[in-house]
Amino acid sequence: MFKRILVANRGEIACRIIRACREMGIVSLAVYSEADRAGLHVQMADEAACIGPPAAAESYLNMDKIIETARARGAEAIHPGYGFLAENPEFARRCERAGVVFIGPNSRALELVGDKIRARQTMEKSGIPIIPGMKRVAADFAEYGAEAKKIGYPVMIKASAGGGGKGMRIVCSEEDLRPGIEGGQREAKAAFGDESVYLEKYIEDPRHVEFQVLADNYGHIVHLFERECSIQRRHQKIVEETPSQALTPELRRKMGETARKVLEVSGYNNAGTVEFLLDRNKKFYFLEVNARLQVEHPVTELTTGVDLVQQQIRIAAGEKLSLGQDDLVQRGHAIECRIYAEDPTNNFLPSPGKILYLREPKGPGVRHDGGIYSGWEVPIYYDPILAKLIVWAETRESACARMVASLDDYVILGIRTTIPFLKEVISHQKFREGETTTGFIKSYFENWREKEGPAEGLTLALAAAALDELTPSQKDGTGAGPKKEVYSPWQIIGRWRIGEKP
Ligand code: MV4
């Protein structure tokens with residue numbers, strides 16, 4: 001087993017990986033940019049090294065610096081987390097060459113799954129269902145026109161180097177095809193440095209169901225069932241859950257077997273996620289492989305009892321999978337909500353700033369994966385994810401109730417967050433009925449406004465009440481004086497201000 005692992009990430013996922021290291025008796029080495037000196041991951045890790053200026057390109061994406069730091073500090077392996085360098089074949093290759101273990105798939109598999117057209121070819125050859133459409137880039141526009149006709153409108157333009165919804169367009173008729181292709185090529189070139197685009201049949205309002213898979217270096221592959229991730233806003237997942245309401249045991253078995261096969265034919269190792277689209281007739285299609293530990297991995301951990309990060313580390317260290325497919329069962333229901341530093345009342349604009357007060361929900365079946373603390377300033381430079389709130393309960397209904405109660409308990413002051421929005425999503429009748437398709441947010445939350453926002457008047461009234469309530473002895477911070485149950489965070493803040501605590 002490794003003695004020391006460099007964690008090439010920040011925020012909640014770095015903290016999650018550091019925790020796994022600690023439990024396994026592995027020394028964790030955090031890296032941080034100058035903007036993250038005070039980051040929670042830096043405080044949690046056994047060791048830490050600054051790797052450069054705030055801009056990600058000069059720090060968390062600086063391959064040479066990160067590999068050099070691993071070597072200089074004696075880390076035998078690098079865990080990339082998600083985002084940044086996680087799915088970069090070039091980085092995996094440089095690690096391989098430098099004799100540092102990349103905790104993730106081998107560079108060849110990363111290259112294959114990162115190239116959507118090549119992946120489609122590979123899957124089709126192996127009898128894995130793919131969305132009807134092109135399996136290579138067209139030579140000219142006429143060929144795109146002919147292909148679109150063959151597929152039948154509406155069609156979807158996708159970038160071969162894309163993924164996660166980047167560079168996608170829907171084209172409904174022939175006259176819109178040329179501008180769509182040209183725009184798509186331009187966008188793909190700018191975003192990925194590769195202008196290759198292809199066409200697929202457009203599947204209307206599908207569900208996004210993905211399967212978690214683990215593959216060791218000896219050809220043993222198991223799947224850990226599905227995650228339903230249809231609740232998205234502009235290709236940003238918001239809520240994830242497992243099991244999916246859309247699967248029957250039979251469909252689950254078929255999709256799980258297919259997911260295993262996808263990894264097998266890709267020469268893939270370590271953890272991966274196979275994404276499928278599920279259409280209205282419950283037909284499923286291979287979409288892409290996410291070659292990383294995913295943000296939503298905890299819902300799988302809570303329902304299967306498997307620690308996915310520890311599994312990744314064991315596989316990377318050359319251990320054989322100790323789990324067989326028959327050892328794995330889903331138990332109960334898990335839901336995850338992503339907490340972002342974004343203002344849901346203002347078009348989800350990032351809301352960086354200082355967290356004045358943080359009270360995390362806790363209780364039976366409640367897990368909080370965070371990278372934040374009271375007094376920490378959310379930097380402007382990175383993805384504004386703050387934390388993930390994950391709940392487990394015996395049934396979906398009780399998991400929903402537990403999630404709403406936990407969101408109600410959750411207090412973050414000083415910045416705007418997506419918590420009020422999430423409460424209404426989980427409380428929505430259609431969500432409760434399991435009507436979770438990719439069109440959910442657009443259908444029911446397009447122009448969402450907070451029902452009872454933190455109205456300025458109410459805030460002021462509460463603050464005033466807090467001040468009014470303080471007796472001189474409390475102002476001294478002695479805690480004496482009349483007792484009253486107080487839940488308003490504004491009163492807490494009011495007391496701090498008067499008492500001049502943090
Ligand atoms: C599609 C599709 C409909 N038809 N492909 C978006 C993310 C990327 N991985 C693939 N995506 C889609 N591909 C065809 N042929 C609809 C989507 C899609 C979607 C997929 C998963 C989750 C949310 C989504 C939201 C809008 C569109």
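Ligands are counted one by one from 1 in listed order, and the atoms in each one are counted from 1 as well.
Remark: the T436 side chain and the R207 side chain contain an N/O donor-acceptor pair separated by less than 3.5 Å.
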Donor-acceptor pairs under 3.5 Å, side chain of residues 169-177 to any protein atom, not counting sequence neighbours: which ones?
| residue | atom | partner | partner atom | Å |
| --- | --- | --- | --- | --- |
| R169 | NH2 | E187 | OE1 | 2.5 |
| S173 | OG | D176 | OD2 | 3.4 |

Please tabulate, one pair per line, all N/O donor-acceptor pairs under 3.5 Å involving side-chain atoms of residues 129-144, not counting sequence neighbours.
| residue | atom | partner | partner atom | Å |
| --- | --- | --- | --- | --- |
| K135 | NZ | E124 | OE2 | 3.4 |
| K135 | NZ | G133 | O | 3.3 |
| R136 | NH2 | E143 | OE2 | 3.4 |
| D140 | OD1 | A142 | N | 3.4 |
| D140 | OD1 | E143 | N | 3.0 |
| E143 | OE1 | A139 | N | 2.8 |
| Y144 | OH | V197 | O | 2.8 |

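The salt bridge (charged side-chain N to carboxylate O under 4.0 Å, His left out) test with R227 singles out one residue from E336, E301, E240, E210, and that residue is E210.
Taking both residues in full, the closest heavy atoms of I78 and F91 are given as CD1-CZ, 4.0 Å, listed atom of the first, atom of the second, then distance.
Counting only residues at least two apart or on different chains, the side chain to side chain donor-acceptor pair (under 3.5 Å) pairs with a member in residues 398-408 are T395-S398, D408-K423.
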Could you list, one pair per line, each nitrogen or oxygen of ligand 1 together with any protein nitrogen or oxygen closer than 3.5 Å, giving atom names and the distance rounded to 0.1 Å?
| residue | atom | partner | partner atom | Å |
| --- | --- | --- | --- | --- |
| ligand 1 | 4 (N) | I203 | N | 2.9 |
| ligand 1 | 5 (N) | K158 | NZ | 2.9 |
| ligand 1 | 9 (N) | E275 | OE1 | 3.4 |
| ligand 1 | 9 (N) | E288 | OE1 | 3.1 |
| ligand 1 | 13 (N) | K158 | NZ | 3.0 |
| ligand 1 | 15 (N) | E200 | OE1 | 2.9 |
| ligand 1 | 15 (N) | K201 | O | 2.7 |

